[in-house]
Amino acid sequence: HGPVKSRAQEGSLDSAFNPNLGRGFLQPVVRAVTEQRDGKLLIGGEFVTVNGITRNRISRLNSDGTLDSTFGSESGADGAVQAVVVQDDGRILVGGMFTSVNGAPRNRIVRLNSDGSLDSTFGSAVGADGAVRSILVQSDGRVLIGGFFTSVNGASRNRIARLKGDGSVDGSFDVGLGASGGLTCMALQTDGKVVIGGSFTSFDGTPRNRVARLNSDGKLATSFNPGSGADDWISAMALQADGKVVIGGDFQNVNNAARTRLARLNSNGSLDTSFNPVLAPISGYGMDIDAIAVQDDGKLIIGGSFGSVNGTPRIRLARLNSNGSLDTSFNPGSGPNDWVFSMA
């Protein structure tokens, strides 16, 4: 086939895609979106119906947005789903705040087979004692989980742990005291090191304000030094091909330099001073960055609750050029009418 230009590429709404999620008297929220190799979409969050069919907090959509009825069941998860990742073998890792999935006890971390049924070969009913917010799969099949827990399967693990392929805790990944506060996002480097972000102010006793890098054995990578770090929460991050790290959240300063909710760090953790998009809030609302995606061409798509980028109106969704300037060819018009939490 020759090149095909999607209507969505310039930011206009694809009106044919409408999964119509519902959650009783409350607004449904999607916290995680992941695309499978076949183009189907896995979604997780706080919804209870998809196109009027009961699907509790985890579901799969066909590429046109219709419900994939071959995946999952009505029971689903009994609490919010906040992370969904597909393994190379098609099995699906799910993290969140639930305590049961498909009627079986599973505390905050579970693996599903490709049809949405429970994979009984992974983990146990013990699981994590707090929310799992982020999941990464290493090339060797081991699984990194991050969140608000302090133990996993009964082992002390403060906010980050590595699991073996069967869901048991990998004792060779030793984080010591771990993170002093919540861990909300992670990014895996090609060398096996992992960058983490959240609300913590130290890692294993060493000061690290909301962002740090760990070696492949779980120890703090001291070669990555963000200085004074971010002065408030980091909720999203993405790795660029050149090793730089884009971070977003609720901060106003990074390493003592003004950065309104979005910044880029060099591969050694220092602030990239050449990247400084200026975001402004919507009148009467707060402002956050909650989702960041890097395109193959280096451009960045950002989502959250902002109202403008570099003085140009962009409501909660925008695309930036790699230097931080606004990509004016992507214009979602009046944009979404509420927060953007996830994207794929």
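When reading the values below, keep in mind they use all heavy atoms of this one structure, side chains included, and skip hydrogens, waters and symmetry mates.
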K.L.:
Identify the heavy atoms of Met343 and Ala293 that sit nearest to each other, and give their distance.
P.N.:
SD-CB, 3.6 Å

K.L.:
With sequence neighbours left out, what residues match Ser274 under side-chain hydrogen bond (donor to acceptor under 3.5 Å, both in side chains)?
P.N.:
Asp272

K.L.:
Output yes when a side-chain donor or acceptor of Thr260 lies under 3.5 Å from a complementary backbone atom of Gln252, and no otherwise.
P.N.:
no

K.L.:
Tell me whether Val294 shares a hydrophobic cluster with Ile302, the cluster being built from Ile, Leu, Val, Met, Phe, Trp, Tyr side chains joined at under 4.5 Å.
P.N.:
yes

K.L.:
Arg162 and Gln138: side-chain donor and acceptor closer than 3.5 Å?
P.N.:
yes

K.L.:
Looking at Lys219 and Asp174, is there a salt bridge between them, counting it only when a charged N and a carboxylate O are closer than 4.0 Å?
P.N.:
yes

K.L.:
Tell me, do Gln295 and Arg319 make a side-chain contact under 4.5 Å, heavy atoms counted?
P.N.:
yes

K.L.:
If every non-hydrogen atom of Phe173 is compared with every non-hydrogen atom of Asn215, which pair is closest and at what distance?
P.N.:
CE1-O, 4.1 Å

K.L.:
Is it true that Met186 and Phe203 fall in one hydrophobic cluster, defined by side-chain heavy atoms closer than 4.5 Å?
P.N.:
yes

K.L.:
Decide whether Leu183 and Leu188 are clustered together by the hydrophobic rule: side chain heavy atoms of Ile, Leu, Val, Met, Phe, Trp, Tyr closer than 4.5 Å, transitively.
P.N.:
yes

K.L.:
What residue pairs, at least two apart or across chains, pass salt bridge (charged side-chain N to carboxylate O under 4.0 Å, His left out) with a residue in residues 43-66?
P.N.:
Arg23-Glu46, Arg31-Glu46, Arg60-Asp68

K.L.:
Sequence neighbours excluded, which residues qualify as side chain to side chain contact (heavy atoms under 4.5 Å, CB included) partners of Asp290?
P.N.:
Ser235, Asp288, Trp339, Phe341

K.L.:
If only atom types and distance count, is the side chain of Arg316 paired as donor or acceptor with the main-chain N or O of Pro336 below 3.5 Å?
P.N.:
yes

K.L.:
Tell me yes or no: between the side chains of Thr201 and Asn209, is some donor less than 3.5 Å from an acceptor?
P.N.:
no

K.L.:
Identify which one of Gln36, Lys40, Glu35 satisfies the side-chain contact (heavy atoms from CB on, under 4.5 Å) criterion when paired with Val86.
P.N.:
Gln36

K.L.:
Which ILVMFWY residues can you reach from Ile109 by hopping between side chains whose heavy atoms are under 4.5 Å apart?
P.N.:
Val85, Leu93, Phe122, Val132, Ile135, Val137, Val143, Ile145, Phe149, Val152, Leu163, Val169

K.L.:
If you group Ile, Leu, Val, Met, Phe, Trp and Tyr whenever their side-chain heavy atoms sit less than 4.5 Å apart, what else falls in with Leu177?
P.N.:
none

K.L.:
Apply the hydrophobic cluster definition, ILVMFWY joined by side-chain contacts under 4.5 Å directly or through others, and give me every member besides Val33.
P.N.:
Phe17, Leu21, Val30, Leu41, Ile43, Phe47, Val50, Ile53, Leu61, Leu67

K.L.:
Asp140: which residues meet the salt bridge (Lys or Arg N to Asp or Glu O under 4.0 Å) condition with it, sequence neighbours left out?
P.N.:
Arg142

K.L.:
Would you find a donor on one side and an acceptor on the other, under 3.5 Å apart, between the side chain of Ser202 and the backbone of Ser180?
P.N.:
no

K.L.:
Residues in side chain to side chain contact (heavy atoms under 4.5 Å, CB included) with Thr206, at least two apart?
P.N.:
Arg208, Leu220

K.L.:
Salt bridge (Lys or Arg N to Asp or Glu O under 4.0 Å) with Asp166: which residues, sequence neighbours excluded?
P.N.:
none

K.L.:
Are the side chain of Asn268 and the backbone of Ser270 linked by a donor-acceptor contact shorter than 3.5 Å?
P.N.:
yes

K.L.:
Would a hydrophobic clustering, with Ile, Leu, Val, Met, Phe, Trp and Tyr connected at side-chain separations under 4.5 Å, put Ile58 with Leu118?
P.N.:
yes

K.L.:
Which pairs with one or both residues in residues 75-104 pass salt bridge (charged side-chain N to carboxylate O under 4.0 Å, His left out), sequence neighbours excluded?
P.N.:
Arg37-Asp88, Asp89-Arg91, Arg91-Asp119

K.L.:
Are Asn253 and Asp231 linked by a side-chain donor-acceptor pair shorter than 3.5 Å?
P.N.:
yes

K.L.:
Taking all heavy atoms of Ala238 and all of Ile292, pick out the closest pair and write down the distance.
P.N.:
CB-CG2, 3.8 Å

K.L.:
Can you list every side-chain hydrogen bond (donor to acceptor under 3.5 Å, both in side chains) pair that touches residues 184-196, not counting sequence neighbours?
P.N.:
Gln189-Asp191, Gln189-Arg213

K.L.:
Can you name the closest pair of heavy atoms from Phe98 and Gly95 and give their distance?
P.N.:
CE2-C, 3.6 Å

K.L.:
Can Val175 be reached from Leu136 by stepping across I, L, V, M, F, W or Y side chains whose heavy atoms are under 4.5 Å apart?
P.N.:
yes

K.L.:
Apart from Phe251 itself, which Ile, Leu, Val, Met, Phe, Trp or Tyr residues share its cluster (side-chain heavy atoms under 4.5 Å, direct or through members)?
P.N.:
Val195, Val211, Phe224, Ile234, Met237, Leu239, Val245, Ile247, Val254, Leu265, Leu271

